[in-house]
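Input: a single structure, listed below in structure tokens.
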Amino acid sequence: MNSQLDGLPTEDRRRVVEQLLCGLPGGRPGELSFEEPWEIRAFALAVAVHDAGQYQWPAFQSALIGSIRAWEQTHPIKDASWSYYEHWVAALETVLADSGAVESDMLESRTAEVLATPANRNHHEAHLEPIAVDPAVA
């Protein structure tokens, strides 16, 4: 299969896909399907792990419904902290832990480690402009 992505470096392919997906219409007029790049990644990760046979889709759907239901029981319906894809990630964590693909203790430990890391540590931040290196200067 030949597509516009064939032959592009991974970062360029990722950028093209993110631009396409961020422009998709959401469930309501004026809303986007994905508001942040991490939401696209969460969506793609859940689909890829399912395609790899790590869990059955009905199990994911049940976990997603459970996460949303638990949130609704403790928050007002129009609470600004609502995030569909946070529930998507919680559901993915649940099914991967239930299937034994990921250990709960390891997941909690790694999550705490990531959350404790400053955003700009090791210069891991988005650079939207291309970086040019002049070989004569090196």
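Because only heavy atoms are used, hydrogens play no part in the values below, and waters and symmetry mates are left out as well, while side chains stay in.
Scored by the side chain to side chain contact (heavy atoms under 4.5 Å, CB included) test, Glu103 finds Met106 as partners (sequence neighbours excluded).
Using a distance-only test at 3.5 Å, with no hydrogens or angles considered, no donor-acceptor pair links the side chain of Ser109 to the main chain of Asp105. Panel note: side chain Trp88, backbone Ala42; a donor-acceptor pair is recorded below 3.5 Å.
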Name every donor-acceptor pair, under 3.5 Å, that has one atom in a side chain of residues 44-69 and the other anywhere in the protein, sequence neighbours excluded.
| from | atom 1 | to | atom 2 | distance (Å) |
| --- | --- | --- | --- | --- |
| Tyr55 | OH | Ala46 | O | 2.5 |
| Ser62 | OG | Pro58 | O | 3.2 |
| Ser67 | OG | His87 | ND1 | 2.7 |

- Could you go through the side-chain contact (heavy atoms from CB on, under 4.5 Å) check for Trp71 and Asp79 one step at a time? CA-CA 10 Å; Trp71 187 89; Asp79 189 318; 3.6 Å; yes
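Considering Val95, Val89, Leu96 as possible partners of Glu93, the one that fulfils the side-chain contact (heavy atoms from CB on, under 4.5 Å) test is Val89.
With rounding to the nearest 0.5 angstrom, the CH2 atom of Trp38 is 5.0 Å from the CD atom of Glu86. Atom OH of Tyr84 and atom CD of Glu39 lie 11.0 Å apart (nearest 0.5 Å).
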